[in-house]
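Note that ligands are numbered from 1 as they come in the structure, with each ligand's atoms numbered from 1 the same way. None of these values were measured; they are calculated from a predicted model.
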Amino acid sequence: MTTRDDTKTRLDALRVEIERRNPAQPEFHQAVHEVLDTLAPVLAARPEYAEPGLIERLCEPERQVIFRVPWQDDQGRVHVNRGFRVEFNSALGPYKGGLRFHPSVNLGIIKFLGFEQIFKNALTGLGIGGGKGGSDFDPHGRSDAEIMRFCQSFMTELYRHIGEHTDVPAGDIGVGGREIGYLFGQYRRITNRWEAGVLTGKGAGWGGSAIRPEATGYGSVLFAAAMLRERGEDLEGQTAVVSGSGNVAIYTVEKLLALGANPLTCSDSSGYVVDDKGIDVELLKQVKEVERGRISEYAERRGASARFVPGGRVWEVPADVALPSATQNELDENDAAALVRNGVKAVAEGANMPTTPEAVHLFQRAGVAFGPGKAANAGGVAVSALEMAQNHARTAWSPAKVEEELAHIMSAIHTTCHETAERYGAPGDYVTGANIAGFERVADAMLAQGVI
Ligand code: GLU
């Protein structure tokens, strides 16, 4: 009989081997470690999952593509960036996951994101595999024409690897509606196909789903509300700290306001804004979405209630709920200690892996409800899957219908994570619940489909 200790020893050995074979990819190691760390109870309870090679296959991408992306800036200078698409797991459906354009992008970052996406997508219950891509291109300060040329060059290679039944990219950091438009245009031109389902996050009016831009932020607030409800509390009237000021942060703020909570902060790489009256979401959209400016401009225009704190971190502001919505490892142990000292009750990750492992453990030890990104930010990819469904049926649902579906999906994810954690002896531990529930769905499909 396999005991939990045997299983743990095997998982630890596997982790060491994965780190050896994938050197210099700390974020990928971190993401794998977190999952393997929670799987021992399910492997011990269900011997079929302990089959040799299953976990090994799960941790090895099905395919990894790395390509050159040459482009010319407005002065005619040639730049060469690197493009990536990691097609991690397609047991449940076509590879699905965003593209990130940011100078920090490398293979390890894309692999961590792709690995997390497998479990996140499985949790939605919607038949999508896991993948991720992007480039080390820095869109910051680039003209619209430069962005277009970059996207066209990127797609000139990527098009041969994707398709509505194969791999369906979308946005992530640095890739929003404008970039998806240029990418889609180039795909259509090269292939001579109107293949709406090849990309999600498209514009309203040419195949995009209502509520897709809002979905990640709305979803993570719904998840935070569900965690609070589970503890007999209500989100209404609670204060919240939100980091970031991109798509996820903006719609997190919007949903917090809609549900009667009070979002106090948002941030960018230069510092953060704290607004005692609550963030004015229309001004935030104007500064960040329309003008593509810096967050300090929000404070300059908002008046007496807001101030800009250069170089600071939002986690020093006392609040009931924290929604890290910027990027990986933005909330460390010191930040977590400050939040706990200030009485935080719930943390929901709008970004992917924003909380360091030490900070997660600190929250859990302190009894704070902690919703990992795989569950809490799954609303974005879930509505992407709904966009694919609408494209397939050549139809467009109303915003009300999509929002209703989103609410239903987030509530189901919360219940699944909560019940799975209880079933495996870790009540209230959403990290364990999300990892095991996502794993069970993918593992069942992989076992049924044989050794491939
Ligand atoms: N980039 C988003 C995520 O991290 C969305 C992916 C998608 O819509 O395919 O889940």
ask   = Hey, is Arg100 one of the residues with a heavy atom under 4.0 angstrom from ligand 1?
value = no
query = Considering only heavy atoms, which of Lys120, Arg212, Glu116 lies nearest to atom 3 (C) of ligand 1?
reply = Lys120
key: For Asn352, the ligand 1 atoms whose distance to one of its heavy atoms is below 4.0 Å   = 4 (O)
query = Please state which protein non-hydrogen atom is closest to atom 9 (O) of ligand 1 and give its distance, to 0.1 Å?
reply = Lys96 NZ, 2.7 Å
ask   = So, are Lys288 and Asp268 salt-bridged, with charged N and O less than 4.0 Å apart?
value = yes
task = Could you label the plane-to-plane angle of the Trp71 and His79 rings as parallel, tilted or perpendicular, counting under 30° as parallel and over 60° as perpendicular?
result = parallel
ask   = Does an N or O from Lys132, backbone or side chain, lie closer than 3.5 Å to an N or O of ligand 1?
value = yes
query = Among protein heavy atoms, which lies nearest atom 8 (O) of ligand 1, and at what distance?
reply = Ser384 OG, 2.6 Å
query = Salt-bridged, Glu419 to Arg423, with N to O below 4.0 Å?
reply = no
task = May I ask you to identify the nearest protein heavy atom to atom 6 (C) of ligand 1, giving residue, atom name and distance to one decimal place in Å?
result = Gly98 N, 3.6 Å
request  = Classify the side-chain pair Thr200/Lys96 by whether it contains a donor and acceptor separated by less than 3.5 Å.
outcome  = yes
inquiry  = Please report whether the ring centroid of Tyr49 lies less than 6.0 Å from that of Phe439.
reply    = yes
query = Taking the minimum heavy-atom distance to atom 2 (C) of ligand 1, which of Gly171, Ala170, Gly380, Gly97 ranks first?
reply = Gly171
task = May I ask whether Gly373 has any heavy atom positioned less than 4.0 angstrom from an atom of ligand 1?
result = no
note = Any heavy atom of Thr216 under 4.0 Å from ligand 1? The part involved is neither
query = Counting only heavy atoms not in Arg46, do more than 12 sit closer than 6.0 Å to its CZ atom?
reply = yes
message = Checking side-chain polar atoms at under 3.5 Å, does Thr239 have a donor or acceptor matched by the opposite partner on Asp320?
response = yes
note = Near Gln117 (heavy-atom distance under 4.0 Å), the atoms of ligand 1 are 3 (C), 4 (O), 6 (C), 10 (O)
Closest non-hydrogen atom pair between Glu60 and Phe88, with its separation = C-CE2, 3.7 Å
